[in-house]
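Structure record follows, encoded as structure tokens.
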Amino acid sequence: MSSDAPAVPTNFIRNIVIEDLESGKHQEIVTRFPPEPNGHLHIGHAKSICLNFGIADEFGGRTNLRFDDTNPLKENEDFMNAIMDDVRWLGFEWDNLFHASDYFGQLYDFAVHLIRTEKAYVEELSADEMLDYRGDWMNNEPGRESPWRNRPVEESLDLFERMKNGEFEDGKYVLRAKIDMNSPDRFMRDPVMYRIRNARHHRTGDEWHIYPMYDWAHGISDAIEGITHSLCTLEFEEHRPLYEWFLENIPTPSMPRQIEFSRGNLDYTVMSKRRLRELVEEGHVKGWDDPRLPTLAGLRRRGFTPEAIRAFWSDLGVSKSNSIISMGVLENYVRNDLNVRAPRTMAVMDPLKVVLTNLPEGETEWLEAPLHPQNEEMGTRRVALTREIWIERSDFMEDPPRKFFRLKPGGEVRLRNAFIVQCTNVIKDGSGNVAELHCEFDPDTRSGMPGASRKVKGTIHWVSAEHGVPVEVRLCDRLFTVPNPLGEKDHDFREFLNPHSMDVMEHVIVEPEVAEGGPGDFYQFERTGYFCHDLVDSKSGRPVLNRIVTLRDSWARIEKEMAQRRK
RNA sequence: UGGGACGUCGCCAAGUUGGUUAAGGCACGGGGUUUUGAUCCCCGCAUUCGCAGGUUCGAGUCCUGCCGUCCCAGCCA
């Protein structure tokens, strides 16, 4: 373990690939990402995408995008397009774009081969009867063979062809593999290969009246494409014997290896397609791209960067243990990425007026401020200081606790990028609330001047009341109030929706350049967090920004602890 | 009650066929720098690998038993 070399993130799948390359089993690695076009991609899919593309990239291989479109009732073109957008946005480009439906013809021929070799038959038991015949494996009960199991090959062939031609209604027949009705692995108890669906497919139209099941279609699609490592999630582990059985019993074009890994779950959210669909359709969120959702479209709109998401999955690694990852970890990757790239600016979320009594009305002090404190190459911007400015209401306290380094009556604080000011007067309204502050600035302490080296404890941000522009800001936060909303027994996950998952601030004051930005532009609001123009709602003349994530805030932690101690 | 998997620090996770001191990241604690209480930089952070036995000179790595968690009864994927 050398100390200076960065730890190479490794995992059991990568190790298998390396072995296969070294042993000469494969010369080239080919993987695939096989989404079903019946929903939107989420952060969990990103794990699979990063794994599949990542492993191929690392070893100079190829990765196909393959739509697993074997169920015409649920799939459509819109989902397909959205998925392609998401994969590209994440930063990956597939070597080939395929569809399981591209292989319907070959799949059919292979099925005929299985019938001819007496390894498949046309079933006419009903779904309920089949269920009954399969036996109760929970109680170790063997299954019974269907009366149609040994029907003559010619009869199956004839029926199968007529199924294909659309001569029967849905559900009338089914093609089954003839494997083992007593297998403890329930997927081996004569699984269904084809069902009749007199439905229009979004790509093949009315050409087919039968559609292959996942287990039949998937492995063969892999084999046709020459996939070397077919990576999938844990729930398919029990399907692996079937995956292999199918390939072993047809003249297979190649022999891919299925390897399973665990899904990546996050806390304080839900990831299942069904749950996400419910949230969208019931209006709990504003669409598939709602910034609070863990969908890739949502994360993108929220302002999470693909770089951060890729680094997140790459560092977390891949294993077979079920895990729920803290949202905080993902947020950290976003902070780390944005910290390096986001230009700095000042924005006041909850404005309190300050009058600089020794700065004449109508006069503007122009100040030069760096766009990034650690990266001069990002350049500078001009910031206007005027007699009236806004500061953050929470940056002033009349009677502050110890260690409060911000403004207090008589106290001094630095205005970021500008001067040190002293609070000389607190003006209150009729009900005793602080309405405005009078301060005097010390002209010798201007940024860049010799007097600027004078130290004061705190620095606060501000915006000129004359130059600042009001914008709408949406404070995105976790969608749920509990780590595992689906894991609470006797409760519906909807009960745990966070009412403050997207509080709207209608009147945030920003520097003029921010208001002029366009969709997707992002910034660090110094001392507050990272924000970006909403991809769909931010319009010129009516800017809307999302809070991507807050800055790490140790003062907030101290405050919290103090509050706790007071209890 | 059957089958398939998994259990290494709060959260991820590495641990080549058993071999001296159990990687790394995040979180956390302490210190330093700082015109963001941000960033950055140091330092600390599992005598222990779900539990209990056993094999061995030696086990996170092998054996046995137990406990816990997840998945499986679509003509879904």
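Just so we're clear, the structure is a prediction, and the values are computed from it rather than from any experiment. Numbers restart at 1 for each chain; the letters A, B, ... are given by sequence-line order, proteins then strands.
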At less than 4.0 Å, is any side-chain N or O atom of A/N11 found next to OP1 or OP2 of B/rA14? Yes or no.
no
Taking B/rA14, B/rG37, B/rU35 as options, the one with an atom nearest any side-chain atom of A/K455 is B/rU35
* Ignoring hydrogens and angles, are the base of B/rG37 and the side chain of A/R406 linked by a donor-acceptor pair under 3.5 Å? -> yes
Which part of the nucleic acid does A/P212 contact within heavy-atom distance under 4.0 Å: base, sugar-phosphate only, or nothing?
sugar-phosphate
With heavy-atom distances below 4.5 Å as the criterion, would you say the side chains of A/W462 and A/V383 are in contact?
yes
Quick one: are A/L175 and A/W216 in side-chain contact, heavy atoms under 4.5 Å?
-> no
| Phosphate contact (B/rA13 OP1 or OP2) by A/S319 side-chain N/O below 4.0 Å | yes
Q.
Would you say the base of B/rA73 stacks on A/W137 (centre-to-centre below 5.5 Å, plane angle below 30°)?
A. no
Worksheet entry | Beyond-backbone contact of A/T204 with A/F104, side-chain heavy atoms, under 4.5 angstrom | yes
So, does A/K74 get its side chain near the phosphate of B/rA77, meaning an N or O under 4.0 Å from OP1 or OP2? no
Taking the C1' atom of each, how far is B/rU20 from B/rG15, in whole Å? 16 Å
| field | Check: A/R527 side chain, B/rU36 base, donor-acceptor under 3.5 Å | value | no
The ring-ring contact (aromatic ring centres under 6.0 Å, His included) partner of A/Y194 among A/Y211, A/F160, A/W208, A/F168 is A/F160
Every stem of 3 or more Watson-Crick or G-U pairs under 3.5 Å that RNA chain B joins, in order of first number, is B:2-7 with B:67-72, B:10-12 with B:24-26, B:28-32 with B:40-44, B:50-54 with B:62-66
Check your understanding: Is the shortest side-chain N/O distance from A/S554 to OP1 or OP2 of B/rA38 below 4.0 Å?
Key -> yes
Going by modelled atom types, is there a donor-acceptor pair between the base of B/rG4 and the side chain of A/E237 at under 3.5 Å?
no
So, OP1 or OP2 of B/rA5: does either fall under 4.0 Å of a side-chain N or O from A/S321?
no
Test item: A/K178 side-chain N/O and A/R149 main-chain N/O as donor-acceptor pair under 3.5 Å:
yes
Q) When you compare B/rC49 with B/rG7, how far apart are their P atoms, in angstrom units rounded to a whole number? A) 15 Å
Answer yes or no as to whether B/rG37 has its base stacked against A/W555, where stacking requires a ring-centre separation under 5.5 angstrom and planes under 30 degrees apart. yes
Of the listed B/rC12, B/rA77, B/rG15, the closest approach to the A/I325 side chain comes from B/rC12
Q: Compare side-chain N and O positions of A/R134 against OP1 and OP2 of B/rC75 and report whether any pair is under 4.0 Å apart.
A: yes
Subject >> Sugar-phosphate, base or nothing in reach of A/R557, heavy atoms under 4.0 Å >> reply: sugar-phosphate
**Request:** Take A/R381 and A/E513, measure what salt bridge (Lys or Arg N to Asp or Glu O under 4.0 Å) needs, and give me the verdict at the end.
**Result:** CA-CA 9 Å; A/R381 68 190 193 274; A/E513 292 82 356; 5.8 Å; no
Quiz item: If we only count heavy atoms from C-beta on, is the A/E278 to A/V270 side-chain gap below 4.5 Å?
Solution: no
Taking atom types as they are modelled, would you say the side chain of A/E331 forms a donor-acceptor pair with the base of B/rA27 within the 3.5 Å cutoff?
no
Does a nitrogen or oxygen in the side chain of A/S453 sit under 4.0 Å from OP1 or OP2 of B/rU35?
-> no
So, do A/M130 and A/V174 sit near enough that their side-chain heavy atoms are less than 4.5 Å apart?
-> yes
